[in-house]
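These numbers come from the heavy atoms of this one structure, side chains and all, not from hydrogens, waters or symmetry mates. On a predicted model such as this, the values are computed, not experimentally measured, just so you know.
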Amino acid sequence: MEIEIYADVVCPWCWIGKRRLEQALESYDGEVTVRYRPFQLDPTPVTEPKPLVEALSAKFGGRERAEGMATHVTQVAATVGIDMHFDRAVAANTFEAHRLVRFATERGRAAELVERLYRAHFQDGIDVGSTDALVKLATEVGLDETEARQYLESNLGRREVAADLSAAHQLGVSSVPTFVLAGKYAVTGAQEPETLLAALREVEQRESAE
């Protein structure tokens with residue numbers, strides 16, 4: 001079964017959802033292929049790096065509200081073994097990061113890169129909108145530094161990522177994470193592992209009955 005994950009690498013619930021899916025798959029006997037699909041929470045260009053909490057404060061009506069949201073999601077993340085540090089995170093446009101994921105997918109390193117991008121953003125305070133930072137992250141998961149830089153500094157993948165982002169909206173993906181199972185069935189949100197496992201088994205039954 002193919003599992004398509006529509007997500008953004010600066011979305012905390014997407015990282016939580018990814019981890020919960022991995023937990024669900026530990027109890028699932030069927031064969032799966034995971035494909036990472038791009039989505040941007042905010043496609044607005046980021047002209048210069050600034051603290052994420054500051055950006056969230058402007059977006060959600062004040063620092064107190066932003067910090068409250070960060071505290072809540074940090075507590076939920078801890079339940080699946082993720083240590084988030086919103087105080088380190090830097091706001092970033094993720095289009096180039098999604099291009100790099102496409103590059104990594106072509107070389108069989110997508111899962112490693114996506115995980116590293118989440119850690120870079122939420123733990124290390126790395127600007128995942130920076131080409132130099134992205135090239136370094138690529139090398140950390142075994143990708144060739146020169147190839148990664150040449151790819152990011154070229155136009156390769158731009159049209160395809162833009163088309164994928166447009167396709168996500170046309171499919172009705174409006175919040176992430178969204179998991180699409182077998183190309184037909186959508187599960188939205190960072191659902192508990194038990195819910196995801198039940199969905200996988202139900203889709204498997206439906207597909208085998210057809």
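- Annotation: the span from T131 atom OG1 to E153 atom CD amounts to 6.5 Å, rounded to 0.5 Å.
- Note: E67 CD to L56 CG = 10.0 Å, rounded to the nearest 0.5 Å.
- Cluster membership for F60 and L41, using ILVMFWY side-chain heavy atoms within less than 4.5 angstrom, is not shared.
- Side-chain contact check for P12 versus F86: some heavy-atom pair is nearer than 4.5 Å.
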TODO: Go through T188 and S175 one step at a time and tell me if the side chain to side chain contact (heavy atoms under 4.5 Å, CB included) criterion holds.
DONE: CA-CA 7 Å; T188 303; S175 63; 3.3 Å; yes
Task: Residue pair T105, R35: steps toward the side chain to side chain contact (heavy atoms under 4.5 Å, CB included) verdict - done: CA-CA 8 Å; T105 298; R35 177 129 185 134; 3.5 Å; yes
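- At a threshold of 4.5 Å between non-hydrogen side-chain atoms, the residues L200 and I3 count as touching.
- I5 and V114 fall within a single hydrophobic cluster, where Ile, Leu, Val, Met, Phe, Trp and Tyr are joined by side-chain heavy atoms under 4.5 Å apart, directly or via other members.
- At least one side-chain heavy atom of V73 sits less than 4.5 Å from a side-chain heavy atom of W13.
- Applying the salt bridge (charged side-chain N to carboxylate O under 4.0 Å, His left out) test to D164 and every residue at least two apart in sequence or in another chain returns R102.
- How far CZ of R149 is from NZ of K136: 12.0 Å, rounded to the nearest 0.5 Å.
- I16 and V173 fall into different hydrophobic clusters, where Ile, Leu, Val, Met, Phe, Trp and Tyr are joined by side-chain heavy atoms under 4.5 Å apart, directly or via other members.
- Of all heavy-atom pairs between A91 and V46, the closest is O-CG1, 3.8 Å.
- Atoms CD and CZ, on E4 and R37 in that order, are 4.5 Å from each other to the nearest 0.5 Å.
- Distance check, rounded to the nearest 0.5 Å: OH of Y118 to NZ of K18 gives 7.5 Å.
- Between the D124 side chain and the I126 main chain, no donor and acceptor come within less than 3.5 Å of each other.
- N93 contributes a side-chain N or O that, together with a main-chain N or O of T44, makes up a donor-acceptor pair within less than 3.5 Å.
- Here the closest non-hydrogen pair linking V128 and A92 is CG2-CB, 3.9 Å.
- Nearest heavy-atom pair, E31 versus Y28, reported as atom, atom and distance to 0.1 Å: N-CE2, 4.4 Å.
- Both cation-pi conditions hold for R107 and F103: the charged atom is under 6.0 angstrom from the six-membered ring centre and inside a 45 degree cone around its axis.
- Following chains of ILVMFWY side-chain contacts shorter than 4.5 Å, one can reach L21 starting from Y185, so the two form part of one hydrophobic cluster.
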TODO: Determine, step by step, whether V90 and L52 satisfy the side chain to side chain contact (heavy atoms under 4.5 Å, CB included) criterion, reporting the C-alpha distance in whole Å, the side-chain angles of both residues, the deciding distance to 0.1 Å, and the verdict.
DONE: CA-CA 5 Å; V90 177; L52 179 61; over 6 Å; no
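- When all heavy atoms of P49 and D127 are compared, the pair lying nearest together is CG-OD2, 3.5 Å.
- Taking each heavy atom of F179 and G17 in turn, the nearest pair found is CZ-O, 3.6 Å.
- Residues P193 and A24 approach most closely at O-CB, 3.4 Å, considering heavy atoms.
- Between the side chains of D8 and H98, at least one donor N or O lies within less than 3.5 Å of an accepting N or O.
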- [ ] Report the C-alpha distance between L100 and Y151 in whole Å, list the side-chain angles of each, state the deciding distance to 0.1 Å, and finish with yes or no for side chain to side chain contact (heavy atoms under 4.5 Å, CB included).
- [x] CA-CA 8 Å; L100 188 62; Y151 187 91; 5.5 Å; no
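- We find that K184 and E207 are joined by a salt bridge, their nearest charged nitrogen and carboxylate oxygen being less than 4.0 Å apart.
- Here the side chains of T139 and L143 are not in contact, with every heavy-atom distance at 4.5 Å or above.
- Between S130 and D132, the side chains place no donor N or O within less than 3.5 Å of an acceptor N or O (distance only, hydrogens not considered).
- Applying the side-chain contact (heavy atoms from CB on, under 4.5 Å) test between L181 and each of L196, V187, V32 identifies V187 as the sole match.
- Taking the side chain as every heavy atom from C-beta outward, R119 and R116 approach each other to under 4.5 Å.
- Ring pair F122/W15 is parallel by interplanar angle, where below 30° counts as parallel and above 60° as perpendicular.
- One N or O on the side chain of T74 and one on the backbone of A70 form a donor-acceptor pair closer than 3.5 Å.
- Checking side-chain atoms of R63 against main-chain N and O of V53 turns up no donor-acceptor pair under 3.5 Å.
- Checked against the 6.0 Å centroid threshold, H169 and F39 count as a close aromatic pair.
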Task: salt bridge (charged side-chain N to carboxylate O under 4.0 Å, His left out) between E96 and R99, worked out - done: CA-CA 5 Å; E96 296 303 305; R99 282 183 66 216; 2.6 Å; yes
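- Ion pairing of E115 with R109 is absent here, as no side-chain N (NZ or NE/NH1/NH2) approaches a carboxylate O to less than 4.0 Å.
- Atoms CD and CD, from E26 and Q23 in turn, are 6.5 Å apart once rounded to the nearest 0.5 Å.
- Residues V176 and V76 do not share a hydrophobic cluster, clusters being chains of Ile/Leu/Val/Met/Phe/Trp/Tyr side chains in contact below 4.5 Å.
- Remark: side-chain polar atoms of R20 are not paired, donor with acceptor, to backbone N or O of V80 under 3.5 angstrom.
- Counting only distance, with no hydrogens or angles, the side chain of R158 and the backbone of F95 share no donor-acceptor pair below 3.5 Å.
- Side-chain atoms of Q123 come within 3.5 Å of backbone N or O of D83 as a donor-acceptor pair.
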